[in-house]
Structure formats: C-alpha cells, structure tokens
Protein chains: 2
Amino acid sequence: MELQTFLPYRLAVLASAVSQSISAVYADRFALSRDEWRILATLAENPEMKTTEAAAHTTLDKMQVSRAVASLEARGLLEREPDESDRRNRILKLLPAGRALFRRIEPMAEAREAFLLEALDDEERAVLDRALDKLLARARQLERQG
Amino acid sequence: MELQTFLPYRLAVLASAVSQSISAVYADRFALSRDEWRILATLAENPEMKTTEAAAHTTLDKMQVSRAVASLEARGLLEREPDESDRRNRILKLLPAGRALFRRIEPMAEAREAFLLEALDDEERAVLDRALDKLLARARQLERQG
DNA sequence: TATTGTTATACTCTATAACTATA
DNA sequence: TATAGTTATAGAGTATAACAATA
C-alpha cells in the first residue's frame with residue numbers, strides 16, 4: 001500500500017487544499033468560520049429554515065448550527081424567529097446585512113470554484129460529479145456499519 | 001449558488017465521511033491518530049526517512065511529524081537514529097512492532113478503500129484519478145496566490 | 001545566518017452530555 | 001417520554017513562534 005495513491009489520503013489532502021483556497025475568501029477577508037459560511041450560503045438559497053433543517057442542509061450537527069447562528073446573529077447578519085406552529089423550533093432568516101455580505105462573497109467563491117473546474121473538460125466534470133456522489137453513498141454505508 | 005453542488009463543500013463532506021470510515025480502522029481499534037497512521041504507512045513503504053522527508057510524504061508539517069513520531073516511539077513502534085552525515089537530521093525507522101501493527105491494519109484499510117472504489121467502473125476510476133490530481137494542482141495554485 | 005527538529009502557548013474544533021422548553 | 005435547541009466541558013487538533021543544536 002502506498003499512501004500517495006490511497007484514496008482516503010488523496011481526498012483528505014485535496015479537500016484540505018481546496019478548503020484553504022476557498023476559506024481565504026470568507027474567513028480571511030470576512031472573518032466567517034466554515035460553519036458560518038455554510039449557514040449563510042444555505043439561507044441565501046432558502047430564505048427561511050428551522051435549525052434542524054439548516055443542520056441537515058449543511059452537514060453540521062445541532063450545536064455547530066446553534067453556535068454559528070448565535071455568532072451570525074450577534075453580528076446582525078441573521079435573526080431567529082419563533083415558530084408558532086411548534087414553539088420548540090426557531091426560524092432562521094437572513095437580515096439585509098447578511099444577504100449583502102453573501103452577495104459580496106458569492107462571486108469570489110464561485111470564481112475560485114470555476115478556476116478549479118477549468119482543469120477538467122465537460123466529460124471529466126460529469127464523471128467526477130457522479131463519482132463523488134457514489135463514493136459518498138459508499139462512505140456513509142461504511143460509517144453506519146462502523 | 002447552491003451549497004449542495006458547490007465543489008469545495010462536496011469535497012469536504014466526502015473527505016470527512018471517507019476519513020470517518022477509514023479512521024474506524026486505525027483510530028478506534030488501534031488508537032492511532034491520523035498523523036500517526038500516515039507516518040506508519042509512509043515508513044512501511046520507505047524503511048528509512050528523515051523527519052523532513054516524512055513531512056513531505058505525509059503532507060504534515062514538521063511539528064505534526066515531531067509529535068506523531070514521539071508518540072509512536074513512546075509506544076515502541078519506531079526509533080529515531082542520528083544521521084552522521086548531518087547531525088541536525090534524525091532518521092526514522094519502524095521497529096518490528098511497528099511493522100507488525102501496520103501489517104494488521106493495512107488489509108482492513110485496503111478492504112475499505114476497495115469497497116469505496118467498487119462503486120465505480122474502470123473508466124470512472126481512471127477519470128477520478130486524473131481529476132483529483134488536476135484539482136489539487138489548481139488548489140495549490142490558489143493557495144499560493146492567497 | 002540558515003536549517004532541523006523540539007517544545008511552549010494560545011487558539012480553534014470536536015464530541016459528549018447535561019439542561020430547558022416545549023410537545 | 002421524546003424532540004428542538006442551548007450551554008458546559010473536556011479533549012483533540014492547529015498555528016505561531018521561540019528555542020537548541022548543527023551547518
């Protein structure tokens with residue numbers, strides 16, 4: 001076995017390098033954590049979400065969401081509203097400042113993603129797209145088995 | 001922009017799930033950290049390495065290597081020898097217990113990697129292989145630019 | 001003066017679980 | 001009794017830099 005060709009190692013190295021290059025946009029320039037960035041991006045797409053829905057959409061657990069949301073709220077980027085249909089829930093909504101911040105970050109993040117994908121032709125992108133989904137399904141299966 | 005299809009997000013989620021499912025082998029059963037596992041695997045391939053070489057081969061920095069090596073040494077899995085040609089260096093070598101431990105873990109780790117890759121046909125694997133390399137090269141380019 | 005490797009420190013993340021409130 | 005969300009806590013991992021030994 002060779003570490004350099006071991007798929008889990010290669011994915012870890014790639015994900016870390018890609019994360020570094022993207023977090024340069026949201027973390028270094030706008031002081032957002034990765035979790036905060038995920039919440040912001042998800043709420044920009046889905047204007048209202050419950051905390052549990054946000055967790056599911058961002059692959060974060062409920063305390064990660066709770067902390068990221070508290071921090072975004074403290075910065076005036078989002079608000080938490082009560083859910084009258086079930087008062088245990090809280091509805092998350094971006095405030096105008098949050099939407100504005102996302103609109104500033106989004107094009108830079110997309111430009112970096114586009115730069116990465118320029119390395120691949122259309123067919124390679126299509127295969128990669130499928131392969132990532134299939135690998136994730138298998139990895140989840142292994143996770144469940146332990 | 002949709003988080004679910006954003007490549008950096010997808011890579012992070014996949015790498016994390018894959019890492020979880022592989023670390024179940026070396027961490028849960030053999031109490032190795034990810035860094036220790038990388039050092040062990042690298043030394044199993046390359047019987048003698050300097051600390052800096054080990055760092056380069058594992059994508060770890062010098063303190064991560066220093067700490068992982070100290071821990072492996074404390075467990076009697078490897079030894080550090082002086083390098084007479086340049087006495088600032090230390091030569092890392094697995095001890096028999098380290099090689100034996102790696103031989104126990106390796107087949108399980110490879111079985112899990114194989115299970116993941118069974119999701120893909122030969123052509124998909126070949127494309128994935130190339131795509132990961134190309135994406136890494138681009139990500140490194142972005143990292144350098146900042 | 002530069003490099004190898006170790007150690008110190010503070011900081012961030014993560015994981016577990018206890019807790020409040022609602023259902 | 002179960003669920004949504006918050007908070008507390010301890011442990012692990014990370015980043016920076018200071019440091020000793022050698023070149």
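Every chain is numbered from 1, with letters handed out A, B, ... down the list of sequences. Values in this document were obtained by computation on a predicted structure and should not be read as measured data.
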Has Glu113(A) got a side-chain atom pairing as donor or acceptor with Leu7(B)'s backbone, closer than 3.5 angstrom?
yes
Judged by nearest nucleotide, the residue sitting upstream toward the 5' end of DNA chain D, Asn89(A) or Arg87(B), is Asn89(A)
Rounded to whole Å, please give me the gap between CD in Glu53(B) and C1' in dT3(C).
15 Å
Checking Arg80(B) side chain against Arg90(B) main chain: does a donor-acceptor pair fall under 3.5 Å?
no
Between protein and nucleotides 6-17 of chain C, what N or O pairs are separated by less than 3.5 Å?
unit_1  : atom_1 : unit_2   : atom_2 : d
dT6(C)  : OP1    : Arg80(B) : NH1    : 2.4
dT6(C)  : OP1    : Arg90(B) : NH1    : 3.0
dT6(C)  : OP2    : Ser66(B) : OG     : 2.7
dT6(C)  : O5'    : Ser66(B) : OG     : 3.3
dA8(C)  : N6     : Arg67(B) : NH2    : 3.0
dT14(C) : OP2    : Gln64(A) : NE2    : 3.3

Does Leu142(A) offer a backbone N or O that forms a donor-acceptor pair with the side chain of Gln145(A) under 3.5 Å?
no
Give me the first and last nucleotide of DNA chain D, going 5' to 3', that has any atom under 4.0 Å from a heavy atom of chain B.
dT14(D) to dA23(D)
Asp83(B) CG to dT3(C) C1', straight-line distance once rounded to whole Å
13 Å
Out of Leu136(A), Leu132(A), Leu128(A), which residue meets the side chain to side chain contact (heavy atoms under 4.5 Å, CB included) rule with Arg10(B)?
Leu132(A)
Tell me whether Arg34(A) contacts the main-chain N or O of Ser23(A) through its side chain, where contact means a donor paired with an acceptor under 3.5 Å.
no
Between Arg103(B) and Glu106(B) (salt bridge meaning N to carboxylate O under 4.0 Å), is one present in this structure?
no
Donor-acceptor contact below 3.5 Å, side chain Glu45(A) vs main chain Thr42(A):
no
Would you say the side chain of Trp37(A) lies within less than 4.5 Å of the side chain of Ile105(A), judging by non-hydrogen atoms?
yes
Euclidean distance, atom CG of residue Asp86(A) to atom P of dT22(C) [Å, nearest integer]:
10 Å
